[in-house]
Participant: 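One structure follows; several queries about it will come next.
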Amino acid sequence: MIEWLLIVVDIVSWILLIIGSICVLIGGIGVLRMPDFYSRIHAASLTDTMATLALFSGMILQAGFSLAAAKLFAIMLFLLLTGPTATYALANSALLSGHKPKAAVLEKKVE
Amino acid sequence: MKLFEFLGYYNYWVFAILLMIGFYAVIAKANLIKKLIGLSIFQSAVFLMYISMDKVEGGTAPIIKPGVVDQLYSNPLPQVLILTAIVVGVSTLALGLAIVVRIKERYGTIEENEILDAD
Amino acid sequence: MTIVFAIFLLTMLVITAVAIVQSSNLFVSVMLTSIFSLLMSTNFFVLDAADVALTEAAVGAGITTVIFLSALALTATQEKPNRSGRGIALIVVGLTASLIIYATFDKPRLGDPDAPVHQHVAPYYLDNTMEQMGFPNVVTAVLSSYRGYDTLGEVFVVFAACIGVLFILDARTGTGPKYVTRKMTGLRHHLIPQVVGRILVPFIVLFGLYVQFHGEYGPGGGFQAGAIIATAFILYSLLEGEQAALRAVPRSAQLGLVICGALMFGMVGVLCMIMGGEFLDYSVLMENPVTARQIGIIVIEAGVGMAVCGAMLSIFHAFAARSAEDTDEAV
């Protein structure tokens, strides 16, 4: 029974790790492919939230009940708090310094 | 084994290339802040060389595990030298930047050739 | 697997360094320098140097970037194009690089246990730390006891650099009229970063204290802790503005920290001499030499932490206060 549970936990953790890695990859591709600053930030923010959550949950499951798991949990909380804040601060200061989204510029041209 | 040997030299090659990238910024760029950035890359390259020397194959960080025999540890001495050098590096960098700030206030520029022309 | 990771990291380092030198926008260069430091720190960790990785992450990626940015605010953010002397520089650099690479073939390969570096004093430190000091982190033991002279010297270099910056930037003590007229109020109009930052500051200080006092048992020590705690106060001053930060830790307190830290280190050494031992030989401080060494190390690590924290804070405030002043006073 216990062995069964261990195998299930292992499989779940690997699925989470793979989901997290895919999110990082998508975020990276997005930063390269997206047309303007704001949509790039949007793509990159995927690595801040979803990838952090999935990767760290996977690693916590791998670590089991130990001090390492507690430390990983603390790091996850810290990253979930600071990552989106940094993204927000970046977008906000870009907007304040007068950087217009590409879509807004296009709309003006059409008008 | 072969791959590990290749990495052994790769570390030193990266050290040489980084050292020269930093050196290039110091001699070829006229901007004083760029020169300081180059100097800090140069410094980091030296740190990398020292830390590469401390690695022991199959070893771990030099924090003794009580009760474990035959555990290899990496060499603590280069680590101590570099640890202090990093903090000293940032203080001396700040000193350089302070001088650049004063130069900017005196000459109105931080480009080397313009400063030489102004003199 | 680690090898693939290491090669990837080293290659990224070279690419980042080229990008730093290539970019003509200094702001971009400085931000890339921060990434460079973070990559360097990961590299140190791969090479089994946990203490150095922690220092590089706290100092290189954190404080250096902030100091560079505050210097950029006072100078220029754009580099003017200059092509003179580029060819000669490239030739010199290329030749030297190939010479150094040629020389590396005579070096022992990475991780060779028979390399000359691992033969001389390192085995002595590794064998005797547990017995003589009673704690497992050899780096802390070498830093604060076996090679305490070196560390004392480094602390005084940091002290001298800090005094030098204060002299050059002409930072005044106390709050003169110049600081009162300051208009910049931090990130008042950015609500979310301010709230999150306020939550983070006490935790960063707490982590710094953990690193300070856990340095004998895990990676850490005075240098790292000082840098981390200074980062917390720098974050506070970015969020709340220069004045609020100076109210929390006034200039006199910053200088006091530097002076007290450096003096504490030196005084422990002198105390050892008074007790009949040699300079910085802690074993004479108490009956039991192991406890005596531990107490000596805790005190001097605290001194190092205070000195580094105070130096980083006063350097940052010297730059930040200058950008707040009117520039018409400058010659």
Side-chain angles (χ1 to χ4, degrees), chain B residues 3-5 7-14 16-18 20-21 23-25 27-28 30-31 33-34 37 41 44 51-57 59-64 73-77 79-80 82-84 86-88 90-92 94-95 97-102 104-106 110-111, chain C residues 3 6 10 14 17 21 26 29 33 40 44 47-52 55-56 59 63-64 67 71 74-76 79-80 82 85-86 89 93 96-97 100-101 104 107 109-111 113 117-118 122 125-126 130 136-139 142-143 151 154 157-158 161 164-165 168-169 223 308 315 330-331:
Chain B
L3 204 61
F4 204 82
E5 245 166 67
L7 175 70
Y9 292 122
Y10 194 67
N11 254 306
Y12 295 123
W13 296 342
V14 168
I17 294 168
L18 284 183
M20 283 306 120
I21 290 174
F23 189 53
Y24 174 78
I27 58 175
N31 189 296
I33 288 196
K34 209 50 174 289
I37 292 176
I41 294 177
S44 296
I51 298 299
S52 301
M53 287 197 300
D54 86 348
K55 169 95 176 162
V56 176
E57 200 175 351
T60 177
I63 296 167
I64 308 278
Y73 298 102
S74 55
N75 192 336
L77 194 57
Q79 298 194 13
V80 171
I82 296 312
L83 197 158
T84 49
I86 290 174
V87 179
V88 168
V90 68
S91 326
T92 45
L95 197 63
L97 284 172
I99 295 171
V100 172
V101 166
R102 289 306 293 243
K104 163 78 178 179
E105 283 166 6
R106 178 78 175 75
I110 51 168
E111 303 288 330
Chain C
I3 291 174
L10 289 168
V14 174
V21 176
L26 290 173
S29 282
T33 316
M40 197 53 123
F44 290 159
L47 292 166
D48 289 338
D51 285 271
V52 187
T55 318
E56 176 75 30
V59 173
I63 293 178
T64 311
I67 292 177
L74 294 172
T75 50
E79 181 191 9
K80 285 178 188 157
N82 170 47
R86 220 173 136 190
V93 162
T96 324
I100 297 175
I101 287 175
T104 58
K107 277 184 85 71
R109 66 180 174 79
L110 185 82
V117 220
H118 303 308
Y125 295 148
L126 288 169
M130 213 47 196
N137 190 350
V138 187
V139 175
V142 177
L143 181 90
T151 313
E154 307 269 16
V157 172
V158 171
V165 170
I168 292 171
L169 291 181
F223 282 100
V308 170
I315 287 172
V331 185

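In what follows, every heavy atom counts, from backbone to side chain, and hydrogens, waters and symmetry copies are set aside. Note that the coordinates shown come from a computational prediction; the quantities given were computed from them, not determined experimentally. So that the names make sense, note that chain A is the first sequence line, chain B the second, and so on, each numbered from 1.
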Participant: Quick one: what part of V157(C) sits under 4.5 Å from any heavy atom of chain B, side chain, backbone, both or neither?
Facilitator: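 The answer is the side chain of V157(C).
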Participant: Minimum heavy-atom separation for E56(C) and I86(B), please, with both atom names.
Facilitator: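 Closest pair (atom of E56(C), atom of I86(B), distance): OE1-CD1, 3.4 Å.
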Participant: Nearest heavy-atom pair of Y9(B) and K107(C): which atoms, and what distance?
Facilitator: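 Where Y9(B) meets K107(C) most closely, the heavy atoms are OH-O, 3.6 Å.
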Participant: May I ask you to test the V158(C)-V88(B) pair for a side-chain heavy-atom distance under 4.5 Å?
Facilitator: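 SC-SC contact between V158(C) and V88(B) confirmed.
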Participant: Chain B heavy atoms under 4.5 Å from I315(C): which part of the residue, side chain, backbone, both or neither?
Facilitator: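 For I315(C), the contact with chain B is made by the side chain alone.
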Participant: May I ask you to decide if D48(C)'s main-chain N or O and S74(B)'s side chain share a donor-acceptor pair within less than 3.5 Å?
Facilitator: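 Present.
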Participant: Return the option, out of A28(B), A25(B), A61(B), with the maximum number of heavy-atom pairs under 4.5 Å with chain C.
Facilitator: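 Option with the top pair count is A61(B).
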Participant: Between T64(C), V139(C), L47(C), which residue shows the highest count of heavy-atom pairs closer than 4.5 Å to chain B?
Facilitator: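 Among the listed options, the one with the most contacts to chain B is L47(C).
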Participant: Of all of I17(B), N75(B), I41(B), which one pairs up most often with chain C through heavy atoms under 4.5 Å apart?
Facilitator: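 Heavy-atom pair counts peak at N75(B).
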Participant: Look at I27(B), I82(B), V90(B) and state which one has the largest set of heavy-atom pairs under 4.5 Å with chain C.
Facilitator: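 Top count of heavy-atom pairs under 4.5 Å with chain C: V90(B).
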Participant: Does any heavy atom of chain B fall under 4.5 Å from the side chain of T104(C), the backbone, both, or neither of them?
Facilitator: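 For T104(C), the contact with chain B is made by backbone and side chain together.
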Participant: Under 3.5 Å, side chain of D51(C) to main-chain N/O of Q79(B), donor-acceptor pair present?
Facilitator: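 Judged by distance alone, no pair lies under 3.5 Å.
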Participant: Mind checking the OG1-CZ spacing from T75(C) to R102(B)? Nearest 0.5 Å is all I need.
Facilitator: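 The distance works out to 14.0 Å.
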Participant: Closest heavy-atom contact between K55(B) and H118(C)?
Facilitator: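 Closest approach of K55(B) to H118(C): O-NE2, 3.4 Å.
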Participant: Taking the side chain as every heavy atom from C-beta outward, state whether L18(B) and M40(C) have any atom pair closer than 4.5 Å.
Facilitator: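 Contact flag for L18(B)/M40(C) side chains = yes.
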Participant: Please determine, among S44(B), G59(B), A98(B), the option with the most heavy-atom pairs under 4.5 Å with chain C.
Facilitator: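 Between S44(B), G59(B), A98(B), the count favours A98(B).
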Participant: For E111(B), is there an ion pair with K80(C) - N to carboxylate O distance below 4.0 angstrom?
Facilitator: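 No, no charged N to carboxylate O under 4.0 Å.
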Participant: Applying side-chain hydrogen bond (donor to acceptor under 3.5 Å, both in side chains), run through Y12(B) and R109(C) and close with a yes or a no.
Facilitator: CA-CA 9 Å; Y12(B) 295 123; R109(C) 66 180 174 79; over 6 Å; no
Participant: Can you tell me which of N137(C), I100(C), I63(C) forms the most heavy-atom pairs within a distance under 4.5 Å of chain B?
Facilitator: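 So the answer, after comparing N137(C), I100(C), I63(C), is N137(C).
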Participant: Decide if atom OH of Y73(B) counts as having more than 12 heavy atoms of other residues, nucleotides or ligands within a radius under 6.0 Å.
Facilitator: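 Atom OH in Y73(B) is packed in, count exceeds 12.
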Participant: Run the numbers on V117(C) and D54(B) for side chain to side chain contact (heavy atoms under 4.5 Å, CB included), then give the verdict.
Facilitator: CA-CA 8 Å; V117(C) 220; D54(B) 86 348; over 6 Å; no
Participant: Could you report the tightest heavy-atom contact between L126(C) and I64(B), atom names first, then the distance?
Facilitator: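 Looking at all heavy atoms of both residues, the shortest contact is O-CD1, 3.5 Å.
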Participant: Of all of I99(B), V100(B), L95(B), T84(B), which one pairs up most often with chain C through heavy atoms under 4.5 Å apart?
Facilitator: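 Looking at each of I99(B), V100(B), L95(B), T84(B) in turn, T84(B) comes out on top.
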Participant: Among L97(B), I21(B), I37(B), L77(B), which residue has the highest count of heavy-atom pairs closer than 4.5 Å to chain C?
Facilitator: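 Greatest number of close heavy-atom pairs with chain C: L97(B).
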Participant: What part of V93(C) gets closer than 4.5 Å to chain B, counting heavy atoms only: side chain, backbone, both or neither?
Facilitator: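 When you check distances to chain B, atoms from both the backbone and side chain of V93(C) fall under 4.5 Å.
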